[in-house]
Every structure is written in C-alpha cells, then in structure tokens.
Amino acid sequence: MIRYRKQNALEPEKDAEFSLNLTPLMFFAVGFMAMKALIKSINRH
C-alpha cells in the first residue's frame with residue numbers, strides 16, 4: 001500500500017490524500033507467471 005498525503009497549512013480543508021493498493025496487482029503478476037510456466041512445461045511434453 002502506497003499512501004501520499006499533501007497538507008495545506010493555510011487551508012486545511014484542501015488536504016489531499018492518495019492511496020494505492022498494489023496487492024491485487026501483485027497477486028495477478030504471480031498468477032500470470034505461474035500460468036506461463038505451467039503452459040511452457042505442458043508444451044514441452
């Protein structure tokens with residue numbers, strides 16, 4: 001999880017917070033690599 005917070009000292013109501021959750025992307029990448037390896041191993045036999 002990446003979290004970025006921008007604070008405005010003069011106008012506190014304009015504070016901004018941005019958060020990015022990379023966990024689903026990580027699961028997708030691991031699954032993609034596993035399927036790619038599985039397909040390669042099936043094609044070799």
Side-chain angles (χ1 to χ4, degrees):
M1 173 95 105
I2 296 173
R3 183 171 283 175
Y4 169 74
R5 186 170 183 149
K6 183 178 175 186
Q7 291 180 319
N8 190 336
L10 297 175
E11 299 173 80
E13 68 275 0
K14 287 190 177 177
D15 284 2
E17 186 172 288
F18 175 75
S19 64
L20 179 65
N21 191 359
L22 295 177
T23 308
L25 182 65
M26 186 185 71
F27 277 115
F28 172 76
V30 170
F32 179 76
M33 300 288 260
M35 289 305 290
K36 212 167 143 182
L38 184 67
I39 290 169
K40 270 188 181 178
S41 71
I42 290 171
N43 284 343
R44 284 189 188 150
H45 292 289

* Asked: Mind checking whether Leu38 and Phe27 sit in one hydrophobic cluster, side chains of I, L, V, M, F, W, Y counted as touching below 4.5 Å?
  -> no
* Structure fact -> Heavy-atom closest pair (Arg5 atom, Asp15 atom, distance to 0.1 Å) is NH2-OD2, 4.1 Å
* To do: Decide whether Met26 and Met33 are clustered together by the hydrophobic rule: side chain heavy atoms of Ile, Leu, Val, Met, Phe, Trp, Tyr closer than 4.5 Å, transitively.
  => no
